[in-house]
Amino acid sequence: MKQMIKISDNIWEIPTSVKSGMRVPARILSSEKLIGGIDNGVIDQITNVACLPGIQKYALCMPDAHLGYGFPIGGVAAFDAQEGIISPGGIGFDINCGMRLISTNMTVEEVKPKLAEVIEELFNSVPSGVGTKGKIKLKTPDFNKLIAEGSKWCLDNGMATDDDVEHTETKGYIEGADIRAISGKAFNRGLNQIGTLGSGNHYLEIEYVRKGDIYNESVARTFGITSPQQIVIAIHCGSRGFGHQVATDYLRIFNQNSSKYGLNLKDRELAAAPITSADGEAYYAAMACAANVAFVNRQVITHFVKKSFEKVFNKTSEALGLKTIYDVAHNIARFEDYIIDGVPKRLLVHRKGATRSFGPNNADIPEVFRTVGQPVIVGGSMESGSALFVGTAYAESEYFGSTLHGSGRVMSRTKAKKLIRGDELQNNLKKQGILIRTGHIRGLAEEAGFAYKSIDDVSQAVDAIGISHLVARFVPLGNIKG
DNA sequence: ATGTTC
């Protein structure tokens, strides 16, 4: 790409001279190995983002960046809280899609004999697939309360421990959630979906620490990862139909009212509103509601995961050491304070397929992690497993406290399905010792390992840049997919 | 990602 300037081994910059209207440069954080794989469309999208009013410093792409709706997935853009905009495309349709990692004191040896049984139990207790209903029956006042309170609602309803809530980003709650910003349609779609996994790349996975895969023993211990063969559980899902409907509702409103805002967008998919406008404030309030719903969803799933393990292994979840390490959002906008050109500023940081990566001593991470930094949970494919990183002060000072979120797709769902059948893939994985349970076998092919970048390649890139450091890697044993 | 085309 000729308009890119190489800044260092892992950083490329696209200057403002490349496209008229760019207010800041774009930066691609990547590696020699991965940079060639960045789609031209991603460059076009991130330079469009760089034209948006109020944007600060750089429009950013993480190493896992790929094409998204308007903004790339794997993108970060921070806007001045007064002068800037808020955009649904910068957050994603699945508002507060995120990852939770649960530690255990069990080993592979202990779990393997009962793997099929526990996978079956999990499959039955955590409904997955498109349009499925959850096992929790909520009435309107309950759901109102849940939306307003986030994970605290789970605490009051016996589905969380204090420790679970403490170990969730911003304690599983976004300030400013206002039910009046939610359409009846969004409310009704969400009402019966609490405790459900969804479909696509959402999953519930039993993983373990392979020998040699702990990269920083002291930080790993702080996070609750102590030894090879240790079992962990990863949950990847979001706000389901509720968040999707919020995004759809406000994209329509923003498009209808676009002439009012005078934003001069490069692409209709960048639909946005000034943060301080009535529409912008309403979308923020609705997004906060959806974020709360997603935190609750992952917490309720955690509750059923604990119940499933208790039933199969005939011990309490405390005795099995089931403990939330952390829960992170990777599709969200948050108000955060940064110093820009020496001046402290309040910004609305949009992370779409990107994770917060706060370093040591940050007041917004749990006290037990203050000495090391926050856990950053990164999902790979169902063949590669996931990775645990620690956030850094460098990420905060240079890149709005952000890092990658996953492997990033390299292949369309359609193409992946042409290369392998779902049942073939399931059999191949079984031979590798990975048990997959799904209600939608044909869709499985879309999530094949070859459809994603290597998690080790993207991990190496962010580690070299210093926006997060690798702590441990986990490989899959069993996986529930929608 | 998504009651997979308002």
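Letters A, B, ... mirror the listed sequences (proteins, then strands); counts begin at 1.
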Whole angstrom value for the distance that separates [atom2] of [N] from [atom1] of [X]:
X	N	atom1	atom2	answer
A/L251	B/dC6	CG	P	14 Å
A/N331	B/dT2	CG	C1'	13 Å
A/K133	B/dT2	NZ	P	17 Å
A/Y69	B/dT2	OH	P	17 Å
A/Y250	B/dC6	OH	C1'	19 Å
A/E446	B/dT2	CD	P	12 Å
A/K185	B/dC6	NZ	P	8 Å
A/H244	B/dT5	NE2	P	10 Å

TODO: Identify, between A/R252 and A/Q245, the residue whose nearest nucleotide on DNA chain B lies closer to the 5' end.
DONE: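 By nearest-heavy-atom nucleotide position, the 5'-most residue is A/Q245.
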Open item on the list: Do A/R100 and A/T302 pair up side chain to side chain, a donor and an acceptor below 3.5 Å, judged on atom types alone?
Closed with: yes
Task: No-hydrogen, no-angle side-chain donor-acceptor test under 3.5 Å, A/T403 and A/S357 - done: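 No, no side-chain donor-acceptor pair sits under 3.5 Å.
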Open item on the list: Suppose we screen for side-chain hydrogen bond (donor to acceptor under 3.5 Å, both in side chains). Which residues come up paired with A/S381, at least two apart in sequence or across chains?
Closed with: A/S384
TODO: Scan A/G92 against the nucleic acid and name what it touches under 4.0 Å (heavy atoms): base, sugar-phosphate only, or nothing.
DONE: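 No contact at all - A/G92 keeps every heavy atom at 4.0 Å or more from the nucleic acid.
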- [ ] May I ask you to say what A/R409 touches in the nucleic acid, namely base, sugar-phosphate or nothing, with a heavy-atom cut-off under 4.0 Å?
- [x]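 Nothing: the residue A/R409, judged by heavy atoms under 4.0 Å, touches no strand.
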Task: Candidate list A/R413, A/H440, A/K481, A/K415, test side-chain hydrogen bond (donor to acceptor under 3.5 Å, both in side chains), partner A/E446, passing option - done: A/R413
- [ ] Return no unless some side-chain N or O of A/T248 is found under 4.0 Å from OP1 or OP2 of B/dT2.
- [x]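 No, A/T248 has no side-chain N/O under 4.0 Å of OP1/OP2 on B/dT2.
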